[in-house]
There are 2 protein chains.
Amino acid sequence: MHFIINKEVLLNSLLIASKALPSNTNVVVNRSLVCIKIQAKNNTLTLIANSSEIAILTVVKDDSLLIKEENTIVAPGKSLIEMIRKIDDILVELLLLENQLLIKSHNLEYKLNLFNVEDYPEVEFLEVGNKIIFNASVIKNSSKEVGFSAATIDKRPLYQGINFKYNNGILVNSATDGFRLSTKNTPLNLAVASLDFTIPSKSIDELARLLDYYNEDIEVFVDRNSVLFKFQNTMFRTRLLEGVFPDIAKIIPTNFNFELYFLREDILRAIDRVSITSTKDNGSRLNQVDFKVRLDKVVELSAINEAGSSKQEVIPSREIVAKQIEMLLNLKYLSDALRSLAGQEIVVCFVDVRRPIVIKDVNNDDLLHIIIPLTN
Amino acid sequence: MHFIINKEVLLNSLLIASKALPSNTNVVVNRSLVCIKIQAKNNTLTLIANSSEIAILTVVKDDSLLIKEENTIVAPGKSLIEMIRKIDDILVELLLLENQLLIKSHNLEYKLNLFNVEDYPEVEFLEVGNKIIFNASVIKNSSKEVGFSAATIDKRPLYQGINFKYNNGILVNSATDGFRLSTKNTPLNLAVASLDFTIPSKSIDELARLLDYYNEDIEVFVDRNSVLFKFQNTMFRTRLLEGVFPDIAKIIPTNFNFELYFLREDILRAIDRVSITSTKDNGSRLNQVDFKVRLDKVVELSAINEAGSSKQEVIPSREIVAKQIEMLLNLKYLSDALRSLAGQEIVVCFVDVRRPIVIKDVNNDDLLHIIIPLTN
């Protein structure tokens, strides 16, 4: 293999592929998965990377690309990217020596030890299953607005995902860790009657990063165990999570007895201030804050830990018609929910102090955050 | 105790005192050393903190300070600073409750659990020993230009310090870890004939941070086992390291056989590029780079590790009159030395490939860095 290419073009494509490299290389069984497979053929480079969750294929066609000899190599992704980054010429030359890749610019030369091409597992990017098309914003929004409510690694697998449910022209994205739930409705016209699948939220986060500067439509192929996203020169495949996602329509409270309105910045600042005395241990009382509506219609947040205690007053943005109430909430859940909203004013809706609360922008019911109170 | 004070004034003084708090609280025997002792008396606050190495006393006098009740408390430094930081009113009120400190602003209240005043060890700040006066820049320069050559924790204690040696109107600051040495000459008129003491380089770094915006003279009291620095409202005491610092005049080579000149940026960039394939393990071959002057009068840096290898050419800034040479050097030592120099052009002076090299700015012999080559 031997080719010359614009350094920035190569680096950008390597960075796209690298999103599929395993983040924790200690758990990798097949050592060659730390590599990016590079095929130079027909005046095109094809880069492939994959971990157990995600596989990415990206194609490089560029006026600067000059392939002098076709071939395929398997190169350690991180080291290759590190080396290409250090080049500060416009063009870089890559040449396969015996079992090393020679990377050359005018006064700098790297040799990178390669892996055997035969050891790299076969990866397929098949356009099969239900084909749908939606805008990249659907992925970016579900990552930003819903994904934080998914559980981290130690919970049951389905709770680590973002559910995509489509019915009657509405796509519902939801995530829950069993203690909180976030859900977003997006009106969409898809070429299918209904869909229901759950993608690992980490995969959605990586995909959202790739789509950072991309605001067009993407093609999505939903198969039984995996889903393939296709945009620009890139294909992104992730496995799906098995199981039936909870019916969230049944979980969301609908008849509320009172509502509290806040300027979002006010309540976020109050949370930040009491957070320094909230419980930091990993027990069930983690991040506990006492949320109280006083008789004088001022809201009071307070928290206590082994270092001391805090008490912060917040004036609601509209007059309170509720009676005195008091409940215990997870500070971090509150903060995550409030940060994901976009409006200046938000509303917290209560059934009673033992039932989940709903947090949303005042003028928008599409994005809802539900938090279960901590019990005394 | 009860006082009101400008929040920023209090925060800044707490941050000064906090420089003496132990960085690793796990090794603290007396738990109250994580605290700052605060005395409110005679319309003045006195803040004291100390670890085994450093003790700081800083006095707060400010028009905003209103002491309503005098007393002394011992409060956890980190938590207190965290709480004061969160206040966004101009004034803050501090009031001693039974065993808690109440910190109050208009809609926010913290209570901080306190330690017993009796458990806090006595700390003395005595102005004894040889008194000298020099500019704050002496400390800042020795931290920045010399201190990095001191050894880290696992070496013999004296090598963890910066030596101050004064004779015949010249202050010599030196530090060495046994493999490299940095030394700086500063002409000074001190009120003593000679001095020789060694300060832990970590203490100098903390002191240099405190002096960041201070460019005036400081008073220095050199006692047998400790040294006291006095500036503005602050006293900074650090222990001295025991033992006789090596006579560096004997170590510095003086008769060189050839010299190589570089633009500092050129050689630094070259080092950065080969660093990604230098040895990263902790053995004696750590950060090894091959430094070669080729027959064609180009300098070549190369490095090899398990990932691959690199080769970078550097064109010297002046014509080479030397013969072909090759030696092994520690990349990080080279890079540290070059970064601490200020000039655009630097010179590397050689006796022969087995003897220490000297690196310095072309037009300045006051600051020298000596590096021992690695042996094959």
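All values reported here derive from a predicted model rather than from experimental measurement. In the text below, chain A, chain B and the rest are named by the order of the sequence lines, each starting its count at 1.
- The closest side-chain heavy-atom distance from A/Tyr110 to B/Lys311 is not below 4.5 Å.
- Put simply, the side chain of A/Asn107 never gets that close to the backbone of B/Val314: no donor and acceptor are under 3.5 Å apart.
- Rounding to the nearest 0.5 Å gives a distance of 5.0 Å between CE of A/Met83 and CD1 of B/Ile276.
- A/Ser309 touches chain B through backbone and side chain together, each having a heavy atom under 4.5 Å away.
- Taking the side chain as every heavy atom from C-beta outward, A/Asp88 and B/Arg269 approach each other to under 4.5 Å.
- The environment of CG in A/Leu97 is crowded: more than 12 heavy-atom neighbours from other residues, nucleotides or ligands sit within 6.0 Å.
- For CD of B/Glu118, the number of neighbouring non-hydrogen atoms (other residues, nucleotides, ligands) closer than 6.0 Å is greater than 12.
- With rounding to the nearest 0.5 angstrom, the CZ atom of B/Arg273 is 5.0 Å from the CG atom of A/Leu108.
- In this structure, the portion of B/Thr277 lying under 4.5 Å from any heavy atom of chain A is its side chain and not its backbone.
- In this structure, A/Lys111 places its NZ atom where only 12 or fewer heavy-atom neighbours from other residues, nucleotides or ligands lie under 6.0 Å away.
- In terms of heavy-atom pairs under 4.5 angstrom with chain A, the leader among B/Lys86, B/His106, B/Glu300, B/Glu313 is B/Lys86.
- Counted within 6.0 Å of NZ on A/Lys7, heavy atoms from surrounding residues, nucleotides or ligands total more than 12; the atom is thus considered enclosed.
- Here OG of B/Ser105 is found 7.5 Å from CD of A/Gln312. Values are rounded to the nearest 0.5 Å.
- The structure places CD of A/Glu82 at 7.5 Å from OG of B/Ser275, a figure rounded to the nearest 0.5 Å.
- No more than 12 heavy atoms of other residues, nucleotides or ligands sit less than 6.0 Å from atom CD of A/Gln344.
- Closest of all the heavy-atom pairs between B/Asn305 and A/Asn113 is O-ND2, 4.4 Å.
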